[in-house]
Amino acid sequence: MTLYLLCFALFLVGLYGVIAKRDLIKIILSMGILGYAVNLFLVLVGYRQGGHYPILEGQNPVPVMVDPLPQALVLTSIVIELGSTAMVVALAIRLFQKYQTFDISKIRRLRG
Amino acid sequence: MNSGMTIIVKTVTRITVWMILLYGIYIILHGHLTPGGGFAGGVVLALALLNVLLAYGRSYTFQWLRLPWLEHVESASALLYLVVGLLGILWGGTFFYNFISKGSLYHLLSAGTLPILNIIIGLKVALSLFLVVWVLAEARTSKGDAA
Amino acid sequence: MPIELWLNFLFVLMIIGSIVALELKDVLSSIIAIGVVGLGVSISFLLLQAPDLAIVQFLFEIFCVVILIQAFIHKSHHQMESSRSNRWLTAATILTAILLFIGCLPLFKVLPPFGKPLMSTAQYYLDHGAEQTGAANLVSSIVLDYRGYDTFGEVTILFTAILGTFTILRKTAKAKHHGGQHE
């Protein structure tokens, strides 16, 4: 349970960065931290005590293995995260070319 | 910046880039037996191409890799994945049916369509990540020219 | 239980690393701190018996750091000192985060203890995966065979993200190039 709580604390650090920071670079990094926390939590939930990694190696009694389903989901999630990070970076570069700043409080025309 | 780095870096890169490419292909082809697979191997291939881009500069890499052709391959690989799934409907009745024979466990040529899908995903990931870095570098250089 | 101790240590390290990454003024230092956090995630995956994920996370972390440094390192010198964060907003966010943490404490008691997985679906994959797909790597068999349709969606998302990046950046590059020729 301590591990789950620490994972949640990591998530809250990322949330704090997304809400309270004004620099676009810091917001992109906080989105990365949020992704790490969620991926770690999914893999933590699938861990089995004393489990073996889910790859067969020819042992005759097949050992107790950890849950492979969260690992498969997280595998695709990491790749998607990188694609979205690249797209956000591209948007930030475009905003910098237009407004010459990364401070979101100075990008006036985005204000709703 | 466009001409790349010193001759020492270029020589070392010329030798090592083939080894990195070979390692990436090894990871992709053994994806159904060992840790790794299309995602990890694709990133290794993209990092090898990125090595060439950093060492030799942009104009040389543009000629060596023929970038417009690579973009077409990158777009087509998503379609190839769909084609494999549709072939599964044709032979087995369900989408992504494993229609090639399974072979025996722990052999390289086994597991039916899994190695094919691994190769397609590796190609897709490698080319798309390399093209992202290429476009980001292009944008930064054009901005530097303007400033 | 040594694994839990190691994981506790790594998680505390990652929390400290992410706070450092968010609070530092220098952009290069923050990106490197994020790289440290990502490598900690990679080692945690290795300890949690997921070597596939460890390899992928390690490589993607390197790639992420390269992309961020390449994109941001030249633009950051002149505007970092002017960007002050709002103190009231920061205090309110930290307070809300602490309240959320305390308020969610009872929810975590509902979860099963560490080391006992929630889902029973996995046993079917572990028992029948090898003979039904012929792959020794069961994660690979789930990604590409049982859940091939999910992976197709993932390929589509990657394709769309890359296409979006191209559309956003190519237009600016061409416009700048055209403007330069015009002058």
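This is a predicted model, so every value here is computed, not measured. Chain naming here is simple, since letters A, B, ... match the order of the sequence lines and numbering starts at 1 in each.
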So which atom in B:Ala78 and which in B:Lys124 form the shortest heavy-atom distance, rounded to 0.1 Å? N-CD, 4.3 Å
Around atom CZ of C:Phe101, are there more than 12 heavy atoms from other residues, nucleotides or ligands closer than 6.0 Å? yes
Shortest non-hydrogen contact between B:Gly38 and B:Asn118, atoms and distance: N-OD1, 3.0 Å
For C:Phe9, look at atom CZ and say whether over 12 heavy atoms of other residues, nucleotides or ligands are found less than 6.0 Å away. no
Can you tell me which portion of C:Thr151 sits under 4.5 Å from chain B's heavy atoms? Options are side chain, backbone, both or neither. both
When only heavy atoms count and the cut-off is under 4.5 Å, which of residues 50-66 of chain C reach chain B? C:Pro51, C:Asp52, C:Ile55, C:Val56, C:Leu59, C:Phe60, C:Ile62, C:Phe63, C:Val66
What class does the angle between the rings of B:Trp64 and B:Tyr60 fall in, given that below 30° is parallel, 30 to 60° is tilted and above 60° is perpendicular? parallel
For C:Phe152, does its backbone N or O pair with a side-chain atom of C:Thr156 as donor and acceptor, under 3.5 Å? yes
How far apart are the closest heavy atoms of B:Ser77 and B:Ile120, and which atoms are they? O-CG2, 3.4 Å
So does B:Ile8 have more than 12 non-hydrogen atoms from other groups sitting under 6.0 Å from CD1? no
Using a 4.5 Å heavy-atom cutoff, which residues in residues 41-51 of chain B come close to chain C? B:Val43, B:Val44, B:Ala46, B:Leu47, B:Leu50
Winner by heavy-atom pair count (cut-off under 4.5 Å) against chain C, out of B:Ser75, B:Gly85, B:Gly37: B:Ser75
What part of B:Thr34 gets closer than 4.5 Å to chain C, counting heavy atoms only: side chain, backbone, both or neither? backbone
At their closest point, which heavy atom of B:Ile28 faces which heavy atom of B:Ile119, and how far apart are they? CG2-CA, 3.8 Å
When you measure from the side chain of B:Tyr81 to the backbone N and O of B:Ile121, does any donor-acceptor pair fall under 3.5 Å? no
The interface call for B:Leu129 against chain C, heavy-atom contacts under 4.5 Å, is both
For C:Asp26 and C:Ser29, does a side-chain donor sit closer than 3.5 Å to a side-chain acceptor? yes
Give a yes or no on whether B:Ile7 atom CD1 has more than 12 heavy-atom contacts from other residues, nucleotides or ligands under 6.0 Å away. no
With chain C, which of B:Leu114, B:Val84, B:Leu82, B:Leu131 has the greatest number of heavy-atom pairs at distances under 4.5 Å? B:Leu114
